[in-house]
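Each chain gets a letter, A, B and so on, in the order the sequences are listed, and its residues count up from 1.
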Number of protein chains: 2
Amino acid sequence: MVQFLNKSSNPGSGKTVSERMRRKSEARRLDILHAAARVFRRSGVAAAGMREIAEEADLSPGNLYYYFSGKDELLFFCQDRTLDRMLEAAETARASTIPVGDQLRAVIRAHLHYTLDELEGATAHLEIDMLAENLRRGIIDKRDKYELAVRALITKGVKRGEFAPCDAALVARAILGALNWTVRWYRPDGAQSVSAIAEGLANYLVRGIAAHPQETTVPVRAQSGGRK
Amino acid sequence: MVQFLNKSSNPGSGKTVSERMRRKSEARRLDILHAAARVFRRSGVAAAGMREIAEEADLSPGNLYYYFSGKDELLFFCQDRTLDRMLEAAETARASTIPVGDQLRAVIRAHLHYTLDELEGATAHLEIDMLAENLRRGIIDKRDKYELAVRALITKGVKRGEFAPCDAALVARAILGALNWTVRWYRPDGAQSVSAIAEGLANYLVRGIAAHPQETTVPVRAQSGGRK
DNA sequence: CATAAAATTGAACGATGGTTCAGTTTCTGA
DNA sequence: TCAGAAACTGAACCATCGTTCAATTTTATG
């Protein structure tokens, strides 16, 4: 979680020097990663060029390769990081003692936060087949693990009688689809904030499997305090 | 609907000759369009190369440009065609006299058919920003019109008391997201057929807004006759 | 301050992808 | 049968993109 840089090529190749320099280098790497994530989100992975990423990170194209072996490594770290966060959120929800419906709601909120949030949001993990073959395996596994976590939540809800019997695998995919597709239409300057969208979607998506849904209440547009 | 070729550059530029030749040329154009749609779906629009499309359509790369002005025109026609079909299905559903829930179900079925079906399915229309700026407008308008049609269906259901009050715009986007995301996980050789997936998703997605959902029934995996 | 390592640069390379075009083959209609 | 149009070909062009590298500047440390 804290250090994901020693997984692969570090700057240079000689033994590291002072602690202070190592810190600085690491921070720089993180900055670059953030810049790459922004460009990936803004332009899409395919259209995101190394020159564009370099400019966003305020360094020359060539210098990028001093910190990362190439575009694939950049992409890999971006995807890996986001999936880790989502998996963590899913695990936290699972381990809690609140009703399963609320656990699912928490996962939905976190999911949208990590994809749409202006600062922390990233979407690179949604374009897995842009990643080089050799790096794909691990990412795919994490993505599948996440999907399975959502499915397990649904299954648990059914077992407890909180949810109606259903095809958990299909419902999980439907939920994830509805969530992931938000990156296509969400605009930061739009009418609804990320958390408002999250509440609305959570209400609708959970209601679809709730054993005893409230007769009336579904996402009625913004019941109080509009933006942010 | 029938002829969408005279919208732009036809083969050659001289006056058309005999009717028989025109027919043949038109058929050829359609074949190429189908081939392009297959390649777009298989490889994604960005990764789909003109050489690959040419090979799929059994002609030389250069010859492609005898029938179409370029990749953008190819993409435009693919997107336009699919959106037209979906709009048509939405209109048919709207005009029918069945319950709104069933109208929505019909739209969902058609939507998945036109995206996932082995022969007729196309996914190019999901990558709108791959299209050149100057052609985008029309496609975006059609897509928005379709989204509005789905939203209108929901609003109608609420007005009639068949659906619970909700944020129709958000729910429409959730539904479309769940549907569109199927192209990411659906595999023709998977366990469920397209229509089985359609039924399962329709049940879940409609239940989320139904005023009085059945207590139990939700997509319980394949109640009879598995594949096809 | 000096020196070596770390960091940075920008031009250039090779591959790829959309597109063009001069030339060739195939087909149509009189 | 035979022009002339239509259909077709494949090599080449040009832009772009990921990447490399020799050379230069900056920084850390004795």
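In this entry the distance linking CG of B:D72 with P of C:dG17 reads 16 Å, nearest Å. Computed from coordinates, the B:E52 CD to C:dT16 C1' distance equals 13 Å when rounded to whole Å. Going from atom CE of B:M50 over to atom C1' of D:dG10 covers 15 Å, rounded to whole Å. One atom, CG of A:L75, and another, P of D:dG18, lie 12 Å apart when rounded to the nearest Å. Residue A:F68 contributes atom CZ, which lies 13 Å from atom P of C:dT8 at whole-angstrom precision.
Projected onto DNA chain C by closest heavy-atom contact, B:K24 and B:A46 fall at different nucleotides, the more 5' of which corresponds to B:A46. For A:G62 and B:G62, each mapped to the nucleotide of DNA chain D holding its nearest heavy atom, the one lying further toward the 5' end belongs to B:G62.
Within 4.0 Å of A:L64, counting heavy atoms only, lies no atom of the nucleic acid at all. Using a 4.0 Å heavy-atom distance criterion, A:A132 is classed as making no nucleic acid contact.
Distances were taken from every side-chain heavy atom of A:Y67 (C-beta onward) to each of C:dG18, C:dG10, C:dA7; the shortest belongs to C:dA7. The side chain of B:K71 lies closest to C:dG18 when the candidates are C:dG10, D:dT9, C:dG18.
For B:Q79 (side chain) and B:E127 (main-chain N/O), a donor-acceptor pair under 3.5 Å exists by modelled atom type. Judged purely by atom type and a 3.5 angstrom limit, A:T82 uses its side chain to pair as donor or acceptor with the backbone of A:C78.
Closest of all the heavy-atom pairs between A:G70 and A:Y65 is CA-CE2, 3.7 Å.
We find that B:R51 and B:E55 are not joined by a salt bridge, their nearest charged nitrogen and carboxylate oxygen being 4.0 Å or further apart.
The 12-atom threshold is exceeded at CD of A:E120, counting heavy atoms of other residues, nucleotides or ligands nearer than 6.0 Å.
Contact check, B:R28 against D:dC8: a side-chain N or O comes under 4.0 Å of OP1 or OP2. Using a 4.0 Å cut-off, some side-chain N or O of B:N63 falls inside it from OP1 or OP2 of D:dT9. At the phosphate of D:dA7, OP1 or OP2 sits under 4.0 Å from a side-chain N or O atom of B:Y66. One finds no side-chain N or O of B:R51 lying less than 4.0 angstrom from the OP1 or OP2 phosphate oxygen of D:dA11. Dashed line: the shortest gap from a side-chain N or O of B:Y65 to OP1 or OP2 of C:dT19 is under 4.0 Å.
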